[in-house]
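Order of the sequence lines fixes the chain letters, A, B, ..., with proteins taken first and strands second; residue numbering starts at 1 for each chain.
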2 protein chains.
Amino acid sequence: MKLPFVQPKMMGEMIRQQIRAALYRDSVSTKAELAQKTGISFPTISKTLDEMNDQGEVVLTGLGVSSGGRRPKQYRLNPDHMAGLAVGLEKDYSSYALLNYVGEVIGREKLPGVLHDGPERLTEQIGTFVKRYPHLRALTLGVPGAVNNGRVFFILDYDKFQNFDFKAFYQERFSLRVQVENDMNATVLGYHDRSGDEHDRSLVYLYLGQNGPGAGIMVNGDVVRGSSFFSGEVSFLPLYDSRNFLQAVQDRASAQNGTESRLRLIDAMSRLVAVFTATLNPHTVIFCSTDMTEHDMTDVRQGSASYVPADNLPSLIVRDWEEDYFHGLNQLTIKTMLGTGID
Amino acid sequence: MKLPFVQPKMMGEMIRQQIRAALYRDSVSTKAELAQKTGISFPTISKTLDEMNDQGEVVLTGLGVSSGGRRPKQYRLNPDHMAGLAVGLEKDYSSYALLNYVGEVIGREKLPGVLHDGPERLTEQIGTFVKRYPHLRALTLGVPGAVNNGRVFFILDYDKFQNFDFKAFYQERFSLRVQVENDMNATVLGYHDRSGDEHDRSLVYLYLGQNGPGAGIMVNGDVVRGSSFFSGEVSFLPLYDSRNFLQAVQDRASAQNGTESRLRLIDAMSRLVAVFTATLNPHTVIFCSTDMTEHDMTDVRQGSASYVPADNLPSLIVRDWEEDYFHGLNQLTIKTMLGTGID
DNA sequence: CCAACTTATTAAAGTTCTTTAATTACTTTC
DNA sequence: GAAAGTAATTAAAGAACTTTAATAAGTTGG
């Protein structure tokens, strides 16, 4: 039976996590502020923070402004305490972002894609980072495939990675905390974090990629993975008498002209929005700037309103997919470093 | 900032909740068993349980079997410690179930429907129970409408209850812990509890009611309410060139014959299943025995497989809607009594 | 530049849990 | 039916947090 509440033995670690999370959010804090923000008593914060200081996890940055009395010491996370690597695996390139302990990107590199070559090439690439940065501790991988607990479950076209257990392999090989996430899931997480919206939102992030459309779905603040890791495969949605979403998007080619083609795309998108509204009723549906424009949104909104009552429609927005994706990967990496992630 | 872990002051209450939950699950336990099951130390369990015994919350039922030494005392929840009332508000009737503290139904009544009459009639009906059962402490109401935190947000056809704040009203009036839930949400919760499946399942419970179809949706173990409490309004799904789900289900009337009519229904249902598979990829989709038969499931499954890969289809099952609904309401009531519910 | 004041930090006392040890109450066996 | 064994309780000691009090370190104003 799992325990829904913290036992005294885990208290210490929980307190550290709270402190880390608060220091990550607000960069620099005094002990009194941390106590106030976390709800933990001052003496406990003081003791724990002193330990963290001794161990080099936090550093003293100076004194705060006085409001009439003694000036308080200010602490922040030590940027050099740990580093993390966020990797986006795409067909044509691998994107690497090196992060320090305060979440800053201290290095960014695009290396050749490895999906066709296989795990060996990826290991080489990661290996160079491991050598260069001795305090690398966290690794996050984003992959265009279905992932179950660090193992690639199903990945189209890249046989070499089919069923590859990234997590077990790199955890063992480089002693890192490894995390693997599907690309669209990482993207929706990234958007969610950047949006600054409330925590328990429901979101749908749609992308008409090269390998067919896919969606990242978040419900009540949780990523939806599905019973067979098939969630978000919107290609298959039967939206017309004899065409599904993918076909509707592709068959535009057969249209008389550009206007006709655009109208068909708009209608397919409108129906997609209607489908999500009539099922999950999410707060927001996000499109990629490579697929749609701000201007299209007006038409999609109008189109959707012909299928479901307009009051219930989500807000429709257009975003840069790569930005949200990489931010999501970075965010996952930071959470792993701070110990506030999944495990 | 909300606290993700239990502070020492709440520890006592958390421990009691753990004990209650364990005693509810297994009916009768010894102190040693409770310590083992909850992971809480024996002395703490012993002390807390003794207090609960003094306060009449638990009772000693006798001694367990010996395994060679002293026989252990066995405790169980005191059935008479508290009572709860689960109410299902339907058009034609109000269903009342009176529950004792161990979750047994100790009284069931069907009274005339009140939705057309208004809150006064409902208050009268509830009032009689409050008078009859002095230790009534919890009240759960199931309503066919959108609910936000105890207030009816949107309810079709029953103007008298539009925007009625059940929770505030009955909490104040009868000093009860009140909870209000949408009927389909309660149903999916009820099924989930009865199924004994793992906790974090994704489920869709479909019902073609008199007031049009509706679905209760659960994702990762949480009920999905939606940004404007519109989730599950599957009527509006645009599944055909010029018909939505509701129209597809209703237009069967225009079919040549019964076979044709049935085929259309099966196809609409298959598409619906495909929609959920390609979005949420749930573990199970549940149909009502009033709408579909076991035999239909074979056809629906086959139909869905023509839209999405069969491997990803949920299991399709047929259930008695009322049973799951009432069980869900009871379950919500019991959770409220035991303090393991939402607030 | 020192007295009065303000605020940070440290120390002590109080809770509440866990762990470990001691005691008690039965069972079993001869 | 008493001695030996076994498991349930109870008691004592230890750990970790909170609350409250005491002390230290600055600031400010005359």
Q | Short side-chain N/O contact from A:R71 to OP1 or OP2 of D:dA25, under 4.0 Å | A | no

Q: Find the distance A:R16:CZ to D:dA16:P and express it as a whole number of Å.
A: 12 Å

Q: Output all residues satisfying ring pair (Phe, Tyr, Trp, His ring centres under 6.0 Å) with B:Y133, sequence neighbours left out; order by chain, then residue number.
A: none

Q) DNA chain D: A:S41 or B:Y75, which has the more 5' nearest nucleotide? A) B:Y75

Q.
Less than 4.0 angstrom from a charged side-chain N to a carboxylate O is my criterion; do A:E13 and A:R20 meet it?
A. yes

Q | Whole-Å gap separating P (D:dA22) and CZ (A:F42) | A | 18 Å

(Q) Using whole Å, what does the distance between atom P of nucleotide C:dA8 and atom NZ of A:K73 come to? (A) 12 Å

Q.
The criterion is ring pair (Phe, Tyr, Trp, His ring centres under 6.0 Å); which residues satisfy it with A:F153, sequence neighbours excluded?
A. A:F229

Q. Rounded to whole angstroms, how far apart are CD1 on A:I40 and P on D:dT18?
A. 7 Å

Q | Those residues that, when tested against A:F326, pass ring pair (Phe, Tyr, Trp, His ring centres under 6.0 Å) (two or more places apart) | A | none

Q | Atom-to-atom span, CD of A:Q74 to P of D:dG26 - whole angstrom | A | 15 Å

**Q.** For atom CE of A:M14 and atom C1' of D:dA15, their distance in whole Å
**A.** 18 Å

Q.
Could you work out, with ring pair (Phe, Tyr, Trp, His ring centres under 6.0 Å) as the rule, every residue matching A:F129, not counting sequence neighbours?
A. A:Y96

Q: Could you list by number each residue of residues 44-54 of chain A showing a heavy-atom separation from DNA chain D of less than 4.0 Å, or answer none if no residue does?
A: A:T44, A:K47

Q: Can you tell me the distance, in whole Å, between the CD atom of B:E33 and the P atom of D:dT9?
A: 11 Å

Q: Round to a whole Å and report the spacing from CE of A:M11 to P of D:dA16.
A: 11 Å

Q: Please check if the side chain of A:S46 supplies one atom and the backbone of A:F42 the other of a donor-acceptor pair under 3.5 Å.
A: no

List the atom pairs, with distances to 0.1 Å, where a side-chain N or O of residues 77-85 of chain B and a protein N or O form a donor-acceptor pair under 3.5 Å, not counting sequence neighbours.
| from | atom 1 | to | atom 2 | distance (Å) |
| --- | --- | --- | --- | --- |
| B:N78 | OD1 | B:D80 | N | 3.0 |
| B:N78 | ND2 | B:G56 | O | 2.9 |
| B:H81 | ND1 | B:G56 | O | 3.4 |

Q. Starting at the 5' end of DNA chain D, which residue's closest nucleotide do you reach first, A:P43 or B:P43?
A. B:P43

